[in-house]
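Have a look at the structure below before the remarks.
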Amino acid sequence: MRFKAAISKSDESRFQIADVVLGPLRKDEVLVRIVATGICHTDAICHEGHVPIPKPIILGHEGAGIVERIGADVGDLKPGDHVCLTFNSCGECSNCKDSAPFYCEYFFPANILGRRLDGSTAITQDNDVTGDAAISAHFFGQSSFAEYSVANRNNVIKVPHDVPLDMLGPLGCGIQTGAGAVWNVLKTAREDRLAIFGVGTVGLSAIMAARISQPAMLIAVDPNPIRRALALELGATHAVDPTQAQFPGWFDAHAGRLTQAIDTTGNPEVVKSIVNSLGARGTLILLGAAAQGTELRFDLMHMLNNGITIKSVIEGESNSRKMIPHLIGLYQQGQFPFDRILRFYDFADIDIAMADHLSGETIKPILRIGNA
Ligand SMILES: [Zn+2]
Ligand SMILES: [Zn+2]
């Protein structure tokens with residue numbers, strides 16, 4: 001079987017949409033016809049070459065689509081099911097068995113390296129088009145920048161039919177990351193003063209999730225005025241331009257020291273200012289990625305004197321099988337309006353969508369690939 005995929009190459013800044021060829025489906029795999037897929041920041045940094053992945057590769061890891069075919073060992077899905085794809089995990093290691101697949105011992109090879117865990121790939125390039133053979137796929141167990149995706153039974157989440165399928169893909173990565181950090185880790189409550197540094201998809205999802213608990217202060221920090229305005233509409237009590245404010249001075253003047261903070265920037269100077277803005281027993285969650293080898297520095301005595309916790313979190317520590325249907329339910333009740341951050345593009349406009357993501361013009365681009 002042949003289908004079209006957007007291929008990221010090492011010598012080209014544009015994606016090449018080309019035919020690829022599908023090999024045999026394995027017993028634990030699910031073939032999904034992709035209806036739409038989000039573009040996440042991890043796709044951008046991999047496309048731009050900041051992560052050592054083998055190219056050419058089919059990126060994309062916020063796919064939503066319809067089950068086309070299932071392997072013999074896939075019991076809980078059937079062709080025609082609407083599904084959302086999420087991160088992959090091995091299902092066998094001690095963390096997977098302890099219901100923590102987001103810390104799977106094989107997270108990096110299962111999600112980033114572009115191969116199945118045994119090193120094989122289901123997809124080859126059409127020799128007539130490119131002259132190459134094997135192509136890296138299985139990115140986050142999906143490679144959803146394509147008309148079809150070979151997913152693993154571990155990362156396919158069934159979703160209801162009564163919600164538009166084309167908007168659901170980002171629930172599987174960026175949105176569950178932000179919401180999960182609040183619900184699963186911080187457990188934000190009414191007395192909390194929570195600040196979120198960087199309000200792209202992950203930060204705005206954290207704001208929508210935290211708003212439900214009505215914390216005393218919910219502060220968005222971002223230099224982009226459009227994002228700050230949206231953060232206020234989605235539930236932030238304050239929005240601060242970090243180019244115009246000093247931290248912790250702004251918090252001392254307006255809010256008091258923070259009880260909770262989330263960093264989505266991965267910027268060491270920002271993280272340092274957040275640590276200094278935390279009060280006693282404050283917790284900082286690190287969600288932002290940075291270049292390999294990036295180091296953080298803090299004032300140790302400020303941390304020791306205040307019992308501060310700094311924790312890194314993957315995928316919001318979300319049990320996707322519960323989290324994604326829960327987010328859909330809240331959306332349908334008007335409690336989690338994540339449609340406000342989405343903007344749709346045709347598959348052929350993937351380069352425009354990526355550029356709009358990188359410039360901040362679009363918060364969450366979604367590529368429409370197939371019919372729902
Ligand atoms: Zn992602
Ligand atoms: Zn595992």
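As the structure lists them, so they are numbered: ligands from 1, and atoms in each ligand from 1. If you read the sequence from its start, that first residue is 1, and numbering goes on from there. Only heavy atoms go into these numbers, but all of them, side chains included; no hydrogens, no water, no symmetry mates. In this text, all values refer to a predicted model and were calculated from it rather than measured experimentally.
The angle that C96 SG and C93 SG make at the Zn ion (ligand 2), rounded to 10°, works out to 110°. Taking the Zn ion (ligand 1) as the apex, the angle formed with SG of C40 and NE2 of H61 is 110°, to the nearest 10 degrees.
With ring centers used as reference points, F107 lies 6.0 Å or more from F102. You'll find the ring centres of F197 and F247 inside the 6.0 Å limit. In this structure, Y331 has its ring center no closer than 6.0 Å to that of F336.
At least one N/O/S atom of C173, whether from backbone or side chain, sits less than 2.8 Å from the Zn ion (ligand 1).
A cation-pi arrangement is present between R368 and F344, with the terminal nitrogen or guanidinium carbon under 6.0 Å from the aromatic centre and inside a 45° cone about the axis.
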